[in-house]
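Protein chains get the first letters and strands the later ones, always in sequence-line order, with residue 1 at the start of each.
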Amino acid sequence: MLKLYNSYSNSLEEVELNKKQVKIYLCGPTVQSSPHLGHGRSAVVFDFLVRYLKYLEYKVIFVRNITDIDDKIIEKSFEENISYAELGTRVSKEFHNAYEELNCIDPDKEPKATEFIDHIIKYIKKLIENKFAYVTKSGVYYEISKFDDYLLLSGRTKDDVVSGTRVEIEEDKKNPEDFALWKFSQEDEPYWESPWGNGRPGWHIECSSMIEAILGKTIDIHCGGNDLIFPHHENEIAQSKGAYPNEKFVNYWLHNGMLNLSGKKMSKSEGNIKLLNDYINEFDGQVVRFFFLKSQYRSPQEFSLDLLKESESTLNNLIEFTKGVNPEPKNEKVLSIFEESMNEDLNTAKMLGDLFKLINEADALEEQKLKDLKSTIKFVFNVLGFELIKKDTNRKTKDELIEFFNEYDIKFGDIDQAVNEFINIRESLRKKKDFNSADKMRESILDIGISIEDGTYSGWSWKTS
RNA sequence: GGCGACGUGGCGGAGUGGCUACGCAGCGGUCUGCAAAACCGUUUACACGAGUUCGAUUCUCGUCGUCGCCUCCA
């Protein structure tokens with residue numbers, strides 16, 4: 001039985017979902033600057049969720065939005081002297097590239113705020129009709145005091161929020177804590193026409209509106225980073241309940257933990273951001289993905305280069321262990337470890353530990369059982385979006401390879417042939433006990449990412465690293 | 001200040017009222033011309049103080065510390 005931690009009830013709940021249709025919405029990025037590792041974590045951990053639900057044979061409808069208009073985007077586009085749309089398109093591409101490298105499955109729908117302006121306007125109209133919103137000289141605002149259940153998600157009191165309010169207080173707001181649904185545009189700012197004046201949507205309204213437009217009034221699971229709990233998700237609830245007071249908005253709220261750098265949250269405001277693409281390029285999307293697997297999704301997770309290297313080692317060891325078998329669900333123990341761990345609020349860290357316990361006992365197994373163990377581990381990792389295949393991270397060009405092998409009078413045809421000839425030359429040196437030269441060759445071929453391992457019984461083997 | 005989370009071995013990170021997770025790194029060994037890989041072995045941690053208990057890292061209270069949110073954030 002799948003249990004998930006629901007932020008709304010602050011407790012682990014046995015989830016009840018309809019096999020035929022599970023509606024999931026994940027708050028995606030504001031496309032204002034390049035994706036960082038925190039964005040990666042959110043995308044990957046909820047990708048684990050979606051993949052696991054599919055494994056359990058739920059029919060999932062997965063929506064992840066793109067916020068392509070907001071204050072920051074406008075500000076940034078002014079700085080760069082390009083349009084908000086140009087900036088948004090460019091950054092969206094970077095996000096898509098990163099998602100692909102991380103092997104996150106594409107959402108069924110990926111709505112953009114600017115594509116739903118009409119619907120957003122209708123939504124705001126409804127809120128005004130329902131007396132939850134009012135119009136001023138600067139925009140349209142949601143009136144918090146009209147919504148009794150405000151702050152049930154974050155567990156605050158309204159007094160806390162008022163005292164902590166740090167946003168510039170608009171003169172014409174009824175209460176400082178009221179938030180904008182529609183902001184009238186200033187000079188030069190992009191705008192859309194509305195019944196109240198030219199402007200743009202506020203940050204929170206797009207999610208309520210797009211969820212309704214695409215998934216309907218009630219969804220099963222709403223995900224996002226835990227830094228969105230307040231105010232973003234709190235305001236989404238206020239909007240959705242304001243528009244449809246008698247409908248349940250979200251059944252399960254899931255929030256992932258933040259990524260820390262030396263104990264501090266990685267965030268735009270802290271300025272301690274590590275860009276996703278840097279690490280995807282240096283390592284491999286799968287290594288970064290595996291890094292996220294090593295921690296339970298709600299825990300804060302510590303990031304450092306060394307920890308990423310550690311992930312690479314661990315992943316490579318798993319790849320070595322499962323080498324030469326096809327992914328198949330054969331070993332019951334592995335499958336039960338997988339399901340029991342995932343059922344406990346997607347405890348991927350526990351799963352990994354328990355699987356390694358089995359691997360450590362594997363030497364005692366007879367051949368077929370060992371093979372089944374490997375197959376099943378490979379299968380389970382496939383379900384979670386890993387290939388367990390060594391990726392060729394060697395970025396040498398063909399010309400560089402030709403040049404390298406030329407040094408040893410080897411004509412480069414393909415890599416296997418060239419390496420074989422290389423090894424043969426080296427073997428003859430070893431036979432002549434010219435170990436100095438042989439060791440030099442072994443050393444030099446590391447430059448093109450190949451390590452040669454001499455074995456007593458099997459002669460030698462080579463593998464790319 | 002308010003609300004919340006957390007403090008586990010060198011680092012990371014699960015978990016449990018009693019059965020020394022696990023990973024990575026390190027160290028020793030087998031093997032090897034050497035190295036690597038592989039395999040074997042190895043370093044017995046749960047902030048501190050008190051309480052409950054036959055027994056607490058796990059429950060309760062207190063202390064100290066760290067972190068998050070308090071309308072920018074995945």
Run the side-chain hydrogen bond (donor to acceptor under 3.5 Å, both in side chains) test against [X] and tell me which residues pass, sequence neighbours left out.
| X | result |
| --- | --- |
| Thr67(A) | Asn65(A), Glu206(A) |
| Asp434(A) | Ser437(A) |
| Trp203(A) | none |
| Asn103(A) | none |

Is the phosphate of rC67(B) approached by Lys264(A) (side-chain N or O, under 4.0 Å from OP1 or OP2)?
yes
Within this structure, what is the [atom1]-to-[atom2] distance between [X] and [N], rounded to whole angstrom?
| X | N | atom1 | atom2 | value |
| --- | --- | --- | --- | --- |
| Glu361(A) | rC22(B) | CD | C1' | 12 Å |
| Lys76(A) | rC73(B) | NZ | P | 15 Å |
| Asn235(A) | rC73(B) | CG | P | 10 Å |
| Asn10(A) | rC3(B) | CG | C1' | 11 Å |

Salt bridge (Lys or Arg N to Asp or Glu O under 4.0 Å) partners of Asp70(A), counting only residues at least two apart
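Asp70(A): no salt bridge (Lys or Arg N to Asp or Glu O under 4.0 Å) contacts found.
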In short, salt bridge (Lys or Arg N to Asp or Glu O under 4.0 Å) pairs touching residues 88-107 of chain A with sequence neighbours left out are Glu80(A)-Arg90(A)
Any pair with a residue in residues 341-362 of chain A that passes salt bridge (Lys or Arg N to Asp or Glu O under 4.0 Å), sequence neighbours left out, goes on the list, sorted by first then second residue, please.
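Only Lys3(A)-Glu344(A), Arg298(A)-Asp345(A), Lys350(A)-Asp354(A), Asp354(A)-Lys357(A) qualify under salt bridge (Lys or Arg N to Asp or Glu O under 4.0 Å).
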Taking atom types as they are modelled, would you say the side chain of [X] forms a donor-acceptor pair with the base of [N] within the 3.5 Å cutoff?
| X | N | answer |
| --- | --- | --- |
| Asp354(A) | rC22(B) | no |
| Arg442(A) | rA35(B) | yes |
| Lys265(A) | rC67(B) | no |

Check: protein-nucleotides 27-29 of chain B nitrogen or oxygen pairs below 3.5 Å:
none

Can you pull every protein N or O that's under 3.5 Å from an N or O on nucleotides 38-41 of chain B?
{"residue": "rC39(B)", "atom": "O3'", "partner": "Asp363(A)", "partner atom": "OD2", "Å": "3.2"}

Shortest non-hydrogen contact from His204(A) to Pro231(A)?
CE1-CG, 4.1 Å
Could you measure between the two [atom1] atoms, the one in [N] and the one in [M], and give it in whole Å?
| N | M | atom1 | result |
| --- | --- | --- | --- |
| rC19(B) | rG26(B) | P | 31 Å |
| rA25(B) | rU53(B) | C1' | 39 Å |
| rG2(B) | rC59(B) | C1' | 28 Å |
| rC27(B) | rC73(B) | C1' | 44 Å |
| rC69(B) | rA74(B) | P | 12 Å |

Ring-face cation contact, Tyr134(A) with Lys174(A), 6.0 Å cut, 45° max:
yes
cation_pi(Lys374(A), Phe321(A)) dist<6.0 Å, angle<=45:
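Judged by the rule, Lys374(A) and Phe321(A) form a cation-pi pair.
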Can we say Arg51(A) and Asp47(A) salt-bridge, meaning some charged N sits less than 4.0 Å from an Asp/Glu carboxylate O?
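So Arg51(A) pairs with Asp47(A) through a salt bridge.
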Check: protein-nucleotides 10-16 of chain B nitrogen or oxygen pairs below 3.5 Å:
{"residue": "rG13(B)", "atom": "OP1", "partner": "Glu302(A)", "partner atom": "N", "Å": "3.1"}
{"residue": "rA14(B)", "atom": "OP1", "partner": "Gln296(A)", "partner atom": "N", "Å": "3.3"}
{"residue": "rA14(B)", "atom": "OP1", "partner": "Ser299(A)", "partner atom": "OG", "Å": "2.9"}
{"residue": "rA14(B)", "atom": "O3'", "partner": "Asn347(A)", "partner atom": "ND2", "Å": "3.0"}
{"residue": "rG15(B)", "atom": "OP1", "partner": "Asn347(A)", "partner atom": "ND2", "Å": "2.8"}

Which donor-acceptor pairs under 3.5 Å do the side chains of residues 376-385 of chain A make with protein atoms, sequence neighbours left out?
{"residue": "Thr376(A)", "atom": "OG1", "partner": "Glu328(A)", "partner atom": "O", "Å": "3.4"}
{"residue": "Thr376(A)", "atom": "OG1", "partner": "Lys330(A)", "partner atom": "N", "Å": "3.1"}
{"residue": "Thr376(A)", "atom": "OG1", "partner": "Asn331(A)", "partner atom": "N", "Å": "2.7"}
{"residue": "Thr376(A)", "atom": "OG1", "partner": "Asp372(A)", "partner atom": "O", "Å": "2.6"}
{"residue": "Lys378(A)", "atom": "NZ", "partner": "Thr322(A)", "partner atom": "O", "Å": "3.2"}
{"residue": "Lys378(A)", "atom": "NZ", "partner": "Val325(A)", "partner atom": "O", "Å": "3.0"}

Hey, where does RNA chain B pair up into stems, meaning at least three consecutive Watson-Crick or G-U pairs with distances under 3.5 Å?
B:1-7 with B:64-70, B:10-12 with B:22-24, B:26-30 with B:38-42, B:47-51 with B:59-63
Can you confirm whether Asp108(A) sits close enough to Val63(A) that some side-chain heavy atom of one is under 4.5 Å from a side-chain heavy atom of the other?
no
Just by distance, with hydrogens left out, do Ser42(A) and Asn256(A) show a side-chain donor and acceptor under 3.5 Å apart?
yes
Pairing donors with acceptors under 3.5 angstrom, does anything connect the side chains of Ser145(A) and Tyr150(A)?
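No, no side-chain donor-acceptor pair sits under 3.5 Å.
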Which part of the nucleic acid, if any, lies within contact of Gly225(A), taking any heavy atom under 4.0 Å across all strands shown: a base, the sugar-phosphate backbone alone, or nothing?
sugar-phosphate
NA contact type, Thr314(A), heavy-atom cut-off 4.0 Å: base, sugar-phosphate, or nothing?
sugar-phosphate
